[in-house]
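Everything on this sheet refers to the single structure shown next.
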Protein chains: 2
Amino acid sequence: MGRFRALVAYDGTDFFGWQIQPTVRTVEGELTTALARISQRISKVQGASRTDAGVHAEGQVIHFDYQGRMTAAELLRGLNALSGPDVALLRCETAADSFHARHDARGKLYRFDLWADRIGHPLFRRTTLHVPYRLDLDAMRQAAGHLVGEHDFSCFRASTCDAPSPRLRLSRLELVGNPPLLQFLVEGTAFLKYMVRTLVGTLLEVGRGRRSPDSMVELLQTADRTQAGETVGPRGLHLVRVDYEQRLW
Amino acid sequence: MGRFRALVAYDGTDFFGWQIQPTVRTVEGELTTALARISQRISKVQGASRTDAGVHAEGQVIHFDYQGRMTAAELLRGLNALSGPDVALLRCETAADSFHARHDARGKLYRFDLWADRIGHPLFRRTTLHVPYRLDLDAMRQAAGHLVGEHDFSCFRASTCDAPSPRLRLSRLELVGNPPLLQFLVEGTAFLKYMVRTLVGTLLEVGRGRRSPDSMVELLQTADRTQAGETVGPRGLHLVRVDYEQRLW
């Protein structure tokens, strides 16, 4: 009994994102319903990241309070039995009462998967963005180099973003993998709304030769969302890891 | 115009297998419907392998005859536009009139993917078999070694199998990958019905210590299906490649 934290994975395809909503299926809603069936003495679930509709997670972190007699291992089994096959608790353990999945997070690692081939592959359609044109990977890597570091990321920020400041530190923006399967690894202390998807959309325009790698420097200076590229679809985006002061698991 | 062949990939999850059936969605049915919408001068589709319900393909090969004016590239685009997102022609080209996708096949490579962890992963649930117990990989590899070669595979054959002979040559049965994602690579000139899935089911029993690796020798000799392990579910099975006398693509 007390506070628990868990590592959660989900296939975001059939969820309307993380945040609980009255009429649609969300990950927070699914876990909250499962918890309520286990005990009425369980608090609301708190997630580290409110992932958008269609975004996947391999390492979301949550916490909740529970006053009953079940152990962490029993809670894990119970929750997995009561929630759909597209979400699972991978780990569950007791935590200090002061632990907070969102406030204590020090950084996050996202991965954005691309299927860069003329024809989309049926087995990768749920978890990658299909990019049906040739990409200049070197140009994309050069452009990414200009974006790493501490900057005002206003040009990559959705108009509905409610983050306190657009000034953030992007510690990693790396393009890895072998065509046709490519992956962006994106790491930072915090992110603005749609930031990763707009970074990817802008770098894809560099890859197609529609922007130069060096134009990224000016783009950041405009601080103007209309100057950046499109916000690409969510299906390639994966929340891979949430980091805390101390390493969990 | 004339004969065409194509390389086809599909996510088998939402198909009732390859073979056309009147009331359910099948891959052959999906492609036949799409072809008929392109031209009434297109023959039936012939596939190299009649994969079972739920089995995936990365390298199925088909052929068909078409007497109109569209090129192979146009047929590929048209078919992909007209069929669901869970099936795609990856390549399409003209072929000799004598080419037959099934009769000319000289061998096939299958891959069977396992998710060997206590908890099934939501993002791998459609394409892997979840194996929630510890496996002795060395014992499984030893057992696999006894099965490679030319044998009477009657003990791994479904009672409804209509293959002319149970005597086949299995040229490869290899366990690769890193836990929790493991893969069996299974290659041979021909296969009996449910043979790959029953080989996997039997080797998993070896992995759990319920059979010894050396017991495979006797098992083959019994030629009795009731002596082998269970036929595991199809979702881990992928048709990776069909081989012909000459290398295609």
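Quick note on labels: first sequence line is chain A, next is B, and so on, each numbered from 1.
Contacts of A:N80 with chain B are made by side-chain atoms alone, with heavy-atom separations under 4.5 Å and no backbone atom involved. Contact annotation for A:L89: only backbone heavy atoms (N, CA, C, O) come within less than 4.5 Å of a heavy atom of chain B.
B:H103 and B:H100 have parallel rings, their planes meeting at less than 30° on a 0 to 90° scale where 60° marks the start of perpendicular.
Residues A:R241 and A:E187 are paired through a salt bridge, judged by an N-O separation under 4.0 Å between the basic side chain and the carboxylate.
Annotation: side chain of A:R91 is not in contact with side chain of A:L248 (no heavy-atom distance under 4.5 Å).
Evaluated for a side chain to side chain contact (heavy atoms under 4.5 Å, CB included) with A:W115, the options A:V131, A:L129, A:T128 yield exactly one hit, A:T128.
Put simply, of A:R77, A:E58, A:H238, A:R126, the one with the most heavy-atom pairs under 4.5 Å next to chain B is A:R126. Of the residues considered (A:G120, A:G84, A:P85), A:P85 shows the highest number of contacts with chain B, using heavy-atom pairs under 4.5 Å.
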